[in-house]
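Note: hydrogens, waters and symmetry copies are ignored here, and every other heavy atom, side chains too, is used. Naming convention: chains lettered A, B, ... in sequence-line order (proteins, then strands); numbering from 1 in each chain.
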Amino acid sequence: MIYFKEPSKTMTDSILSKLNGKQQSAVLQTEGPVLVLAGAGSGKTRILVHRIAYLIIEKQVSPSSVLAVTFTNKAAEEMKQRVEKLLKRKINPSQSIDLDQPWVGTFHSFCVRVLRKEIGALGFKNNFLIYDDYDQIALMKGVLEKMVIDQKQYSPRMFLSVISNQAKNNLLTPRQYQHKAKDFIEKLTAKVYQEYQKQLREHNALDFDDLIMMTVQLFQKYPAVLEKYQRRFKYLMVDEYQDTNHAQYLLTNLLSKKSKNICVVGDDWQGIYSFRGADIQNILDFEKDYPQAKIIYLEQNYRSTKTIVEASNHIIAKNKARTDKKLWTDSKPGEKITVQQVANEKEEGEYILGEIFGLREETSDHRGEADDEIVYESEEENNHPAGGILDTILEIEKNKSGGPEKKTAKIAIQKKIRGGLINLSDYVILYRTNAQSRALEETLLEYGVPYQIIGSVKFYERKEVKDLLAYLRILVEPNDQVSMKRIINEPPRSIGRKTWSLLENFAEADKIDYLKAVKQADKIASLPSRARNALLFFASLIIDLKDKAQNLKPREIIDLILNKTGYKKHVQDGTPEGEARWENILELKTVAKKFDNQQGLESIRSFLEETALVNDVDFLEDGKKGLTLMTTHNAKGLEYKVVFLAGMEEGLFPHANSLFDPAELEEERRLYYVGVTRSKEKVYLIHTRQRNIWGSSRITIPSRFLEEIPEELVENK
DNA sequence: AATTGCCTTGTTTTT
DNA sequence: CAAGGCAATT
Ligand SMILES: Nc1ncnc2c1ncn2[C@@H]1O[C@H](COP(=O)(O)OP(=O)(O)OP(=O)(O)O)[C@@H](O)[C@H]1O
């Protein structure tokens with residue numbers, strides 16, 4: 001890093017110049033615990049960016065002693081870039097540039113980094129694999145089968161969620177959990193937990209929660225290791241602190257114990273992850289945990305119009321369990337919030353398109369006129385240049401069949417898209433449940449509007465992608481049972497259920513890894529010769545792949561697998577679905593391209609690491625044109641010009657499962673608050689009269705949340 | 001072993 | 001409705 005002898009006045013000024021007084025004080029308070037507690041859009045994340053730059057430039061702190069924790073990889077990437085930009089501006093280009101970078105990442109990525117180095121102390125190999133959701137369920141199913149537990153009565157998911165929330169987030173080992181177990185279920189869970197951990201260890205794998213839990217255990221058990229990291233990371237910063245769980249809290253606490261330099265920012269109003277163990281109490285107790293803490297409240301919102309800020313204040317005011325903060329803005333009132341009722345989910349999508357393509361660039365006065373009456377009365381209005389599309393769309397609803405009017409609408413939309421008149425990345429559609437994306441997607445497809453859906457079926461959870469990753473995992477970790485089971489007969493090669501279970505017993509009894517077991521298929525008793533040959537053929541296939549992979553890049557290894565295993569042919573079966581799956585595989589190869597500078601098994605490990613911890617939000621590209629659809633949960637920390645909140649109906653938002661517990665209802669409301677505050681300029685709240693739920697159409701009731709915004713801020717349609 | 005088709009079950013939200 | 005499990009086919 002470049003060190004400056006004297007903090008120069010002008011540089012300090014320019015780092016601080018884009019911050020208000022309170023933000024500046026958070027940046028200047030570099031030593032000791034700092035808590036920034038503030039509402040949405042008040043510039044909390046901005047503080048962290050500037051604080052890192054300030055530490056490096058003005059306090060001459062080495063970048064490598066800075067650790068900043070974000071909620072997603074995308075947020076980490078963005079933060080890195082913004083810090084770098086600030087630094088670049090300050091660094092004299094003639095001076096040599098040190099490549100040292102501050103460490104910015106999620107809790108999980110930080111823990112992986114530590115564990116890759118240190119996990120030997122806990123008896124794991126440091127090339128452990130990371131099991132995702134799917135892998136965990138697959139493993140758990142195996143555990144339950146082995147223990148002869150009825151999976152109908154006790155679902156794998158249930159065990160996993162109890163283990164995650166009650167045991168792992170509270171750092172309880174199977175043994176400790178067993179001691180606390182009281183009733184039958186808990187005792188059973190304790191046994192399952194024990195076996196589950198045992199199998200993870202045998203397969204050299206950790207699940208998501210283990211990453212955090214093991215790191216904490218490591219630090220607690222080996223003070224010398226902890227001290228090493230405490231000395232290394234002298235400055236710790238955490239974004240979105242309200243959504244940390246107990247294990248993460250302990251981790252931050254341990255890391256900062258020596259230096260006491262911990263700066264956390266967050267907003268208890270935006271805590272939306274309690275269902276997975278996040279505890280708002282962490283941020284509320286910060287002052288108790290760190291009595292010397294400096295606490296800073298930011299009150300000015302820089303993101304949204306006055307209408308939006310006021311509306312969100314009213315929303316959150318309905319909650320009882322919350323801190324009493326203020327949030328104001330000096331921005332213009334802007335447009336009112338639109339509450340729109342539509343007939344059903346199909347019309348919901350069409351309404352949104354109508355707003356985006358028909359009216360968005362028109363004046364809002366005009367929109368006022370475009371109410372149903374006018375539209376229905378004058379057919380000729382269709383040729384009207386302004387608002388024509390909305391009219392047309394409403395027209396479709398009128399004469400159901402969807403005649404030439406729909407075509408007109410489609411053509412007009414296409415024209416606008418091609419003309420580059422509409423910047424689709426200014427808009428976002430948010431909803432409560434992923435299932436809602438399907439109907440919206442259909443409408444977007446129908447009108448040829450480019451879009452990206454975040455979440456739903458995540459890229460790395462797609463079957464074809466998981467299959468390929470499983471092949472790669474087998475190459476580097478021959479005892480990865482979950483992956484082995486997944487691809488041993490994919491594409492079909494005559495290795496069925498029976499053969500698999502014989503193989504499983506054999507591997508387990510002889511305590512050999514699965515690849516060895518397959519190789520020694522001729523030693524498996526009572527194995528039909530057809531199955532034996534199939535296994536031996538599979539073994540030679542894998543050995544061949546492994547051999548050839550030695551001097552190939554990850555991308556080439558994927559190609560090799562695709563060709564040698566017949567997977568390529570298997571996928572490209574001539575159907576459109578096959579084509580879509582093939583596209584996903586190409587996308588995977590694009591990701592692999594990043595690792596072109598490496599080769600062999602090691603390169604596979606790097607590649608797998610990249611794929612294990614990413615989140616769908618990480619795929620969001622700002623430049624990418626296309627309308628974005630995601631759950632409100634996924635929108636945390638993001639901002640858009642125009643936000644559509646779809647499905648504002650009782651039972652959906654707030655969700656039916658949250659209605660009877662007041663605490664859960666308040667969490668729903670916080671989610672609502674998050675959704676509304678993503679918007680810079682305009683919010684739409686849409687509710688249907690009828691919605692298909694599990695096949696049958698049901699009448700819906702408008703969400704109680706709609707009434708929580710004062711009338712004068714709303715324009716009712 | 002693989003394919004087909006009927007049955008149940010269920011989804012809130014996800015690093 | 002649709003995914004996953006299970007049984008009855010070939
Ligand atoms: N001092 C400032 N002057 C002008 N604009 C600012 C200032 N601070 C922040 N902003 C802008 O306000 C918006 C919100 O900032 P930021 O994302 O840092 O807020 P936040 O508190 O982290 O929000 P949230 O809690 O909703 O994620 C951003 O567009 C940012 O550029």
Please determine if A:D467 and A:R486 form a salt bridge, counting it only when a charged side-chain N lies under 4.0 Å from a carboxylate O.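 Judged by the 4.0 Å cut-off on N to carboxylate O distance, A:D467 and A:R486 do form a salt bridge.
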Describe the nucleic acid contact of [X] in one word from base, sugar-phosphate, nothing, applying a heavy-atom distance below 4.0 Å.
X: A:R670; result: nothing
X: A:E667; result: nothing
X: A:Y273; result: sugar-phosphate
X: A:N489; result: sugar-phosphate
X: A:F107; result: nothing
X: A:K141; result: sugar-phosphate
X: A:Q248; result: nothing
X: A:T632; result: nothing

Of the nucleotides [options], which one has an atom closest to the side chain of [X]?
X: A:H633; options: B:dT14, B:dA1, B:dT11; result: B:dT14
X: A:T106; options: B:dT11, B:dT15, B:dA1; result: B:dT15
X: A:R438; options: B:dT11, B:dT14, C:dA3; result: C:dA3

Value in whole Å for how far the [atom2] atom of [N] lies from [atom1] of [X]:
X: A:D243; N: B:dT14; atom1: CG; atom2: C1'; value: 11 Å
X: A:R157; N: B:dG10; atom1: CZ; atom2: P; value: 11 Å
X: A:N169; N: B:dT14; atom1: CG; atom2: P; value: 17 Å
X: A:I488; N: B:dA1; atom1: CD1; atom2: P; value: 11 Å
X: A:Q242; N: B:dT13; atom1: CD; atom2: P; value: 20 Å
X: A:Y241; N: B:dT15; atom1: OH; atom2: C1'; value: 17 Å
X: A:D239; N: B:dT15; atom1: CG; atom2: P; value: 16 Å
X: A:E240; N: B:dT14; atom1: CD; atom2: P; value: 15 Å

Please evaluate residues A:F653 and A:F705 with respect to the criterion ring-ring contact (aromatic ring centres under 6.0 Å, His included), reporting the C-alpha separation (whole Å), side-chain torsions for both, the decisive distance (0.1 Å), and the verdict. CA-CA 8 Å; A:F653 199 13; A:F705 288 162; 5.5 Å; yes
For a side chain to side chain donor-acceptor pair (under 3.5 Å) with A:K168, tell me which candidate from A:D210, A:N245, A:D209 qualifies.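 In the set A:D210, A:N245, A:D209, the residue that makes a side chain to side chain donor-acceptor pair (under 3.5 Å) with A:K168 is A:D210.
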Residue among A:Y431, A:F71, A:Y273 satisfying ring pair (Phe, Tyr, Trp, His ring centres under 6.0 Å) with A:H633: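 Testing each of A:Y431, A:F71, A:Y273 against A:H633, the sole residue satisfying ring pair (Phe, Tyr, Trp, His ring centres under 6.0 Å) is A:Y273.
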Which is more 5' along DNA chain B, the nucleotide nearest A:H108 or the one nearest A:P492? Just name the residue.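 Between the two, 5'-proximity favours A:P492.
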How do A:G496 and A:L671 order along DNA chain B: which one's closest nucleotide is nearer the 5' end?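 Closer to the 5' end of DNA chain B: A:G496.
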For the side chain of A:T700 and the backbone of A:E649, is there at least one donor-acceptor N/O pair under 3.5 Å apart?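 Side chain of A:T700 to backbone of A:E649: no pair is present.
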Under 4.0 Å between a side-chain N or O of [X] and OP1 or OP2 of [N]?
X: A:N657; N: B:dT13; result: no
X: A:S155; N: B:dT9; result: no
X: A:N634; N: B:dT13; result: no

Euclidean distance for C1', C:dC6 against B:dT11 (whole angstrom):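 One C1' to the other, the span is 23 Å.
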Going by atom types alone, do A:D207 and A:Y196 pair a side-chain donor with an acceptor below 3.5 Å?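 Side-chain D/A pair, A:D207 to A:Y196: present.
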